[in-house]
Amino acid sequence: MLGAALLAAPALAQAAPKVVVIGGGFGGAAAARALHRLGVSVTLVERDATYLSCPFSNAVIAGLREMEAQRFGYDGLRREGIAVVHQAARTVEDRRVVLADGDALPFDRLVMAPGIALHPDAIPGLDTEAMPHAWRAGPQTLLLRRQLEAMEDGGLVVLSAPANPYRCPPGPYERASLIAHYLKTHKPRSKLILLDAKDAFSKQKLFEEAWAALYPGLLEWVPLSSGGKVVEVDAAARVVRTEFGEHQAAVANIIPPQSAGRIAQAAGLTDRSGWCAVDPVSFESRQRPGIHLIGDAIIAGAMPKSAFAAHAQALVCAEAVAALLRGEAPAPPKLINTCYSLVEPGYGISIAGVYQPKDGLLADVPGAGGTSALGAPPAVRAAEAGYAEDWFHTVTADAFG
Amino acid sequence: MRICVALSVMVALPAVAAPPPGASSCAGCHGGGGMPVLAGQPAEAIVAAMLGYKAGQGSPTVMDRIARGFTEAEIRAIAAWVSAPR
Ligand SMILES: Cc1cc2nc3c(=O)[nH]c(=O)nc-3n(C[C@H](O)[C@H](O)[C@H](O)COP(=O)(O)OP(=O)(O)OC[C@H]3O[C@@H](n4cnc5c(N)ncnc54)[C@H](O)[C@@H]3O)c2cc1C
């Protein structure tokens, strides 16, 4: 069977299976490259000419890094022979992707990594030009940075974190830390209040340990049970109202609730939660066979919505797609996630996990994973800050070439 | 018609050895961005390091948390795959 397949391959070269990938972020770009390495003919559909990375964008907001360090292009993929089409995908019909300009791309299998849609409308009064979310790297990131730079010393910065699930569970706390670092070093009479729609969060003990040491009296976390949920804002007046009262902010950064990227909904791939259910072995949609989904858009069980996870899922999904195209069943995978966060320059912490399919979702492998140690010496925090940068170099090189 | 497409699709892809469970995720960190490079290291050295991390030896920042997610058999398979130069 195998021998026959190999012998037959050259004669049928024109029949090479076609896979389309929608979305050229950490998930989609890595999936396109991995599929190409596996001999699949790939077309990547990405709306934007270049990609701006969210990982390390909190450092841009805090003035520690420039936006151009976040930018990645698709020339590396093109050079390898991957077709890259800069169009928005509008919808997915039976075995073809319809693009914004009306063209259609046929596929044998489709991989989608569209990331998230943000829902500022869920918070009455919210205008993201006055109160940026900065939860997609780009103009919003720079707007928030400019607002912080323009703020007078002594101002109140209000940041609000959404309920689960959302992109990058430790992200709001890393952001609060780095903004606090900016205030401490540039505007020391200012204060930051972090309003939270939850009572617990990722790496909480490590963040709280760092905040007590680095930002006492400067950074205050308000959990859901103490009035952390934002119910309404007056964007023009920069007032943020919670269930318990209101805050007059000088700068407000409201991170709204999220769902899978809009194309996932247009293609009928989301469930009532707004996210996409997938098979944890093949990452194939539970709604539409032949379509695979990875990254922030999916319900991944215990695996968080991170760039690390999107990349790990991309590599596993590419193998599964290639196996299915060969007529084989994909083997049950194991996946790793690790999210590094910076609490100040040179001070890194991490959370890691190992995952395997269980009961139709990805579950933690018992006994593995966990966070960096509490009370670790500065040398360990410095090492992890360095490893965070190493990870960023490795993963962006693997995704974008 | 549909069956035809499926068959031609099946035979057109070369068979390649798939990575064992967990092996592709190592590439998130080990790839040349600054963390230790695994490709080209002897598989036995990788097995020894992983079993040490799993047993709590040394003072790694993260590898203990990762190694505990794999059995010795899985570690051996991963080591053989990631040690291959690529
Ligand atoms: C402030 C912040 C900090 C973060 N820090 C980290 C970190 O340190 N580590 C970490 O692992 N993760 C981090 N993350 C999370 C990380 O950014 C996401 O998990 C990751 O980007 C998800 O990848 P993805 O491929 O699923 O989606 P995305 O990266 O959002 O990519 C989706 C792509 O699809 C394209 N697209 C969408 N719809 C269409 C369409 N219809 N047609 C064509 N193209 C389309 C978009 O243009 C985009 O390029 C952070 C996030 C934030 C907000």
Side-chain angles (χ1 to χ4, degrees), chain A residues 2 4-6 8-9 12-18 34 38-40 108 308 311-312 315-316 318-319 322-323 325-328 330-338 350 352-356 364-365 367-372 376 380 383-384 386-387 389-398, chain B residues 1-39 50 53-56 58-79 81-82 84 86:
Chain A
L2 205 69
L6 283 176
L12 285 168
Q14 308 93 311
K18 285 194 173 50
L38 290 164
V40 177
D108 294 297
F308 194 111
H311 171 259
L315 301 184
V316 167
E319 293 288 346
L325 290 171
R326 289 192 302 263
E328 296 161 12
K334 276 194 172 182
L335 297 99
I336 301 171
N337 177 66
T338 305
S350 66
V354 184
Y355 309 89
Q356 63 192 1
D364 279 298
V365 173
T371 64
S372 317
V380 171
E384 288 216 275
Y387 287 139
E389 296 229 14
D390 293 350
W391 162 75
F392 186 73
H393 289 136
T394 300
V395 82
T396 52
D398 203 61
Chain B
M1 175 58 201
R2 205 155 158 153
I3 289 168
C4 255
V5 170
L7 277 179
S8 61
V9 158
M10 267 162 61
V11 292
L13 260 195
V16 262
S24 60
S25 282
C26 311
C29 291
H30 295 288
M35 293 193 208
V37 174
L38 301 179
M50 288 292 281
Y53 292 135
K54 192 171 151 74
S59 41
T61 57
V62 70
M63 279 311 298
D64 51 338
R65 292 179 263 158
I66 290 171
R68 285 197 307 269
F70 299 95
T71 64
E72 182 170 339
E74 287 173 333
I75 286 171
R76 289 188 182 282
I78 291 172
W81 198 83
V82 298
R86 53 172 63 79

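Convention: sequence-line order gives letters A, B, ...; per-chain numbering from 1. When reading the values below, keep in mind they use all heavy atoms of this one structure, side chains included, and skip hydrogens, waters and symmetry mates.
- The choice from B:Cys26, B:Ala18, B:Pro20, B:Pro21 that makes the most heavy-atom pairs within less than 4.5 Å of chain A is B:Pro21.
- Once rounded to the nearest 0.5 Å, the distance linking OG1 of B:Thr71 with NZ of A:Lys334 reads 6.0 Å.
- Neither the backbone nor the side chain of A:Pro330 comes within contact range of chain B, judged by heavy atoms closer than 4.5 Å.
- A:Tyr387 touches chain B through backbone and side chain together, each having a heavy atom under 4.5 Å away.
- Of the listed residues A:Thr396, A:Val365, A:Ile336, the one with more heavy-atom pairs under 4.5 angstrom with chain B than any other is A:Ile336.
- Between the CD1 atom in B:Ile75 and the CZ atom in B:Phe70 there is a gap of 8.0 Å [rounded to 0.5 Å].
- Interface remark: of the candidates A:Ala312, A:Ser372, A:Pro333, A:Ser372 forms the most heavy-atom pairs closer than 4.5 Å to chain B.
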Hey, mind stepping through B:Ser25 and A:Leu315 against side-chain contact (heavy atoms from CB on, under 4.5 Å) and telling me if it holds? CA-CA 8 Å; B:Ser25 282; A:Leu315 301 184; over 6 Å; no
Test side-chain contact (heavy atoms from CB on, under 4.5 Å) applied to B:Met63 and B:Met50, step by step: CA-CA 8 Å; B:Met63 279 311 298; B:Met50 288 292 281; 3.4 Å; yes
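- Between chain B and the options A:Glu389, A:Gln356, A:Glu384, heavy-atom pairs under 4.5 Å are most frequent for A:Glu384.
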Could you walk me through whether B:Tyr53 and B:Ile66 satisfy the side-chain contact (heavy atoms from CB on, under 4.5 Å) test, starting with their C-alpha distance in whole Å, then the side-chain angles of each, then the deciding distance to 0.1 Å, before giving a yes or no? CA-CA 8 Å; B:Tyr53 292 135; B:Ile66 290 171; over 6 Å; no
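- Contact detail for A:Ala318 and A:Ala34: the closest heavy-atom pair is CB-CB, 3.6 Å.
- Contact residues of residues 28-36 of chain B toward chain A are B:Gly28, B:Cys29, B:His30, B:Gly31, B:Gly32, B:Gly33, B:Gly34, B:Met35 (heavy-atom distance under 4.5 Å).
- No other option in A:Ala323, A:Ser350, A:Ala352 has as many heavy-atom pairs under 4.5 Å with chain B as A:Ser350.
- Listed options A:Ala376, A:Ala383, A:Gly367 were ranked by heavy-atom pairs under 4.5 angstrom with chain B; first place goes to A:Gly367.
- In this structure, the side chains of A:Tyr355 and A:Asn337 come closer than 4.5 Å at one or more pairs of heavy atoms.
- Counting heavy-atom pairs closer than 4.5 Å to chain B, the top-ranked of the candidates A:Asp398, A:Val380, A:Val354 is A:Val354.
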